[in-house]
Amino acid sequence: NVRGFTVAASPLNSVKLELAVICCGGVLLLLLQERITSNSLLQLGLLAGYGATSMLWILYRVRQVVRKTGVRYGQNQE
């Protein structure tokens, strides 16, 4: 009787998936930025805007999940 190794599902799994999608979108934007505009300053602004918006979205989603699960900073999960 062999038992498999299992890990409990994390409440942040949905946020991890969103982060993966955002990273793929960032790579796609990085590859397409030259076709979108040839101005280097606009390219920088486009990538910086995407990065800042993505960061704020992930922060919002993490805070939303943490608030929903009721986990407080500094609590040990034992």
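Model, not experiment: these values are computed from the prediction.
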Please list, one pair per line, the donor and acceptor atoms closer than 3.5 Å that link side chains of residues 54-63 to other protein atoms, with sequence neighbours excluded.
residue	atom	partner	partner atom	Å
S54	OG	Y50	O	2.7
W57	NE1	E18	OE1	2.8
Y60	OH	Q64	NE2	3.3
R61	NE	E18	OE1	3.1
R61	NE	E18	OE2	3.0
R61	NH1	Q64	OE1	2.6
R61	NH2	S14	OG	3.3
R61	NH2	E18	OE2	3.2

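Note: S40 OG to Q33 CD = 8.5 Å, rounded to the nearest 0.5 Å. Interatomic distance, L41 CG to L46 CG, rounded to the nearest 0.5 Å: 11.5 Å. The line from CG of L12 to CG of L17 is 12.5 Å long, rounded to the nearest 0.5 Å. Taken to the nearest 0.5 Å, the OG atom of S10 stands 4.5 Å off from the NZ atom of K16.
A heavy-atom distance below 4.5 Å is not found between the side chains of I36 and L42.
A side chain to side chain contact (heavy atoms under 4.5 Å, CB included) with L32 is found for exactly one of L28, L29, L30, namely L28.
Considering all non-hydrogen atoms of both residues, P11 and V65 come closest at O-CG1, 3.4 Å.
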